[in-house]
Amino acid sequence: MKNILTIMKKELKRFFGDRRMLLSLILPGLIVFVLYTIMGQFIGSIGKGDANHDYNVYIVNNSNDKSINDLHEVDKYKITINEVDEDQIDAIKEDIKIKTKDLLIVFEKDFDAKKNNGTSPTVDLYYNSTNDNSQEIYTYYLTGLSEKAINDIKYNYLINGGVGAGSTNNLATKEDVSSQVITMIVPYILIIFLFTGCMGIATESIAGEKERGTIATLLVTPTKRRDIALGKVLALSITSVFSSVVTFIAVIASVPNMMGGVSESGITLSMYGVKEILLILLFIVLAVLLFTSILTVLSTLAKSIKEATQYAMPIMVITMMIGVLSMSGNIPTNPALYLVPVYNIAMGLTSVFAGKIDALNIILATVSNVAYIAGAVFALTKLFNNEKIMFSK
Amino acid sequence: MKELLVVKNLKKTFKLSKKQQKIEKTTSNLKVAVNDLSFTAYEGEIYGLLGPNGAGKTTTLRILSTLIKADEGDAFIDGISVKEKPNDIRKKIGFLTSELKLEDYYTPNYMFDYFASLHGVDEKDLLDRKNQLFTRFGIDKFSEVKIGDLSTGMKQKVSIAVSLVHNPDLIIFDEPTNGLDVITAKTVTDYLLELKNQGKTIIISTHIFSLVEKICDRVGIIVNGHMVEEDYVKELTKEKDLEDVFFDIYKREVGE
Ligand SMILES: Nc1ncnc2c1ncn2[C@@H]1O[C@H](COP(=O)(O)OP(=O)(O)OP(=O)(O)O)[C@@H](O)[C@H]1O
Ligand SMILES: [Mg+2]
């Protein structure tokens with residue numbers, strides 16, 4: 001019994017006495033809090049329309065019911081009502097599909113009469129879930145009409161043909177739905193995997209050689225420090241790119257399986273062509289080179305693999321947070337933001353997956369990343385020349 | 001006699017971390033590891049740096065092999081400044097210490113080729129050199145075995161072979177027999193004498209008196225980073241053995 005206590009006390013002293021150790025115990029909790037807070041904010045913004053948007057709502061066989069018509073007059077939204085004939089339905093549906101119109105409401109013929117004599121007429125709302133404005137105004141009308149039907153016996157009608165049948169009223173194309181889902185999750189997963197992949201091998205590299213005492217053997221040869229740095233970073237990058245491309249293929253291949261349940265029609269990748277694939281590969285290569293060179297710098301600063309991993313932790317947290325930002329699927333229009341490291345990769349990937357490629361932003365992201373990578377390699381060269389770093393006791 | 005290595009007034013001070021201050025039992029955050037150290041080694045001789053733990057031997061040899069830079073002073077190998085032209089120096093020297101290790105994953109054969117390539121040794125010389133060194137140390141028997149699977153003695157032999165791939169004029173060897181059994185140690189010391197007979201210059205550091213007596217032509221005694229005595233081993237040990245001579249000097253210097 002006494003021995004149990006003695007051993008336990010010694011172990012606890014190790015866990016709670018060491019400041020770094022303590023930090024590593026608290027860190028996961030902090031990360032979860034920050035990540036979920038950011039994530040919550042962005043997930044909340046999905047399906048929210050633009051402020052000041054002029055919602056164009058098309059109505060067939062409009063009802064004369066005052067209470068229903070009151071729905072069009074609301075402070076929150078600026079709604080323009082267009083009454084149209086039945087023969088225009090198909091054309092308007094097409095426009096909703098391509099996101100130029102927001103909502104189509106089709107009341108059954110003689111809606112008011114049927115409602116009043118209790119034969120349950122139908123009202124159908126057509127919208128596009130991949131268009132945030134359409135989604136928002138749809139939700140508004142659906143809620144408004146449903147509330148009346150639930151609260152007042154007089155409003156006895158079937159919305160969207162009854163419960164469960166509503167999905168056919170969503171006019172979003174399979175491609176748009178797929179693109180929305182993929183944009184939300186793939187860049188995030190990709191960035192996390194790319195980082196952890198690089199972290200595994202890059203933190204080990206120089207710190208491991210220092211720990212094992214093999215780096216000095218290299219430093220006494222007449223090899224330029226820059227050549228050593230580049231040789232190491234390139235080898236690590238090639239390894240990471242190889243593993244990343246495998247990861248990427250696996251992620252993409254698993255998306256239809258994983259997300260199959262999200263939309264009944266399933267997930268398609270048909271909207272992506274050679275251009276998208278090449279751009280994604282470009283961003284993967286940039287990300288790997290950036291992560292590898294930064295992590296190699298940290299690995300060089302560290303005395304041991306363990307220390308290198310500790311140095312990499314904050315970078316990992318920041319990368320994860322930036323990855324989470326990409327989950328909203330929103331991409332910034334301000335070109336300056338494409339100069340922010342890691343963020344520009346996340347946004348670049350997001351824009352490609354969302355089909356909103358902007359040449360200038362992609363060029364900015366590429367050029368700035370090349371500059372950051374060059375900077376890291378330069379720093380690495382400097383560190384290799386620094387005896388305090390290489391031979392600290 | 002040609003002066004192959006001239007060391008002039010080397011000084012090296014380390015900044016100590018809090019932890020190091022505790023270890024060194026000092027309140028000063030500076031440690032003078034090498035203090036105004038000068039000596040000369042002639043071509044074709046074995047020169048021994050003898051000193052107790054912490055005397056500054058390793059620091060001196062690291063400066064000579066361009067791994068670290070002196071704060072003051074300079075050293076010249078064949079007239080080339082260590083400070084000004086470290087890359088030229090690296091071509092001229094072979095540096096060896098038990099701290100310099102080869103990566104476990106590779107074979108002796110691969111490592112030899114790798115370092116030969118980094119030293120710019122050409123194909124033909126490489127094969128000759130490898131043949132000669134691998135036969136000399138019996139490495140050919142395990143040249144395709146991963147270094148991680150070799151014994152300490154075998155590793156040391158491979159390290160020696162690898163650090164000499166470019167046939168350097170000056171061989172710097174920190175604690176050549178450290179951690180080796182008597183048989184491997186003898187192989188190493190025999191080889192050092194062989195190199196000397198080939199006309200190479202060798203600098204070794206050690207705290208082992210018998211090693212100095214056995215192989216060194218001249219010896220420099222370092223205490224607290226400073227050269228306190230430098231002479232031919234034969235001259236120094238005319239009346240007493242080296243151990244007694246060392247303690248006389250040590251008492252004189254440290255006053256204990
Ligand atoms: N990188 C460093 N940072 C701080 N102090 C150092 C560093 N390298 C060496 N020292 C200190 O400088 C002094 C000389 O060290 P050095 O390793 O040169 O001695 P040495 O003669 O090789 O000793 P040993 O016989 O133990 O190998 C020691 O006090 C050592 O603690
Ligand atoms: Mg030493």
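On a predicted model such as this, the values are computed, not experimentally measured, just so you know. Within every chain, numbering begins at 1; the chains are lettered A, B, ... in the order of the sequence lines, protein sequences first and strands thereafter. Computed over heavy atoms, backbone and side chain alike; hydrogens, waters and symmetry mates excluded.
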Do you know which of A:Asp227, A:Asn385, A:Ile215, A:Leu218 has the most heavy-atom pairs under 4.5 Å to chain B?
A:Leu218
Any idea which of B:Glu103, B:Lys91, B:Arg90 has the most non-hydrogen atom pairs under 4.5 angstrom with chain A?
B:Arg90
Supply the atom-to-atom distance B:Asn87 CG to A:Thr223 OG1, rounded to the nearest 0.5 angstrom.
7.5 Å
Any donor-acceptor pair under 3.5 Å linking the side chain of A:Thr214 with the backbone of B:Lys101?
no
Atom CG in A:Leu219, atom CZ in B:Phe95: separation rounded to 0.5 Å?
11.5 Å
Neighbour count >12 (heavy atoms, 6.0 Å) for atom OH, A:Tyr311
yes
Does B:Lys196 have more than 12 heavy atoms from other residues, nucleotides or ligands lying within 6.0 Å of its NZ?
yes
Hey, is CE on A:Met316 packed in by over 12 heavy atoms from elsewhere, all under 6.0 Å?
yes
Within a reach of under 6.0 Å around NZ of A:Lys224, are more than 12 heavy atoms found that belong to other residues, nucleotides or ligands?
no
Residues, nucleotides or ligands: over 12 heavy atoms within 6.0 Å of A:Phe193 CZ:
no
Rounding to 0.5 Å, atoms CZ (A:Arg212) and CG (B:Asp104) come to a distance of 7.5 Å
Sort B:Lys69 into side chain, backbone, both or neither according to what part of it lies under 4.5 angstrom from a heavy atom of chain A.
both
More than 12 non-hydrogen atoms from neighbouring residues, nucleotides or ligands closer than 6.0 Å to CG on B:Asn35, yes or no?
yes
Can you tell me how far apart CD (A:Glu387) and NZ (B:Lys12) are? Round to the nearest 0.5 Å.
3.0 Å
In terms of heavy-atom contacts, does CD of B:Glu123 have more than 12 from other residues, nucleotides or ligands at under 6.0 Å?
no
For A:Val220 and B:His119, the nearest pair of non-hydrogen atoms, with its separation, is O-CE1, 4.4 Å
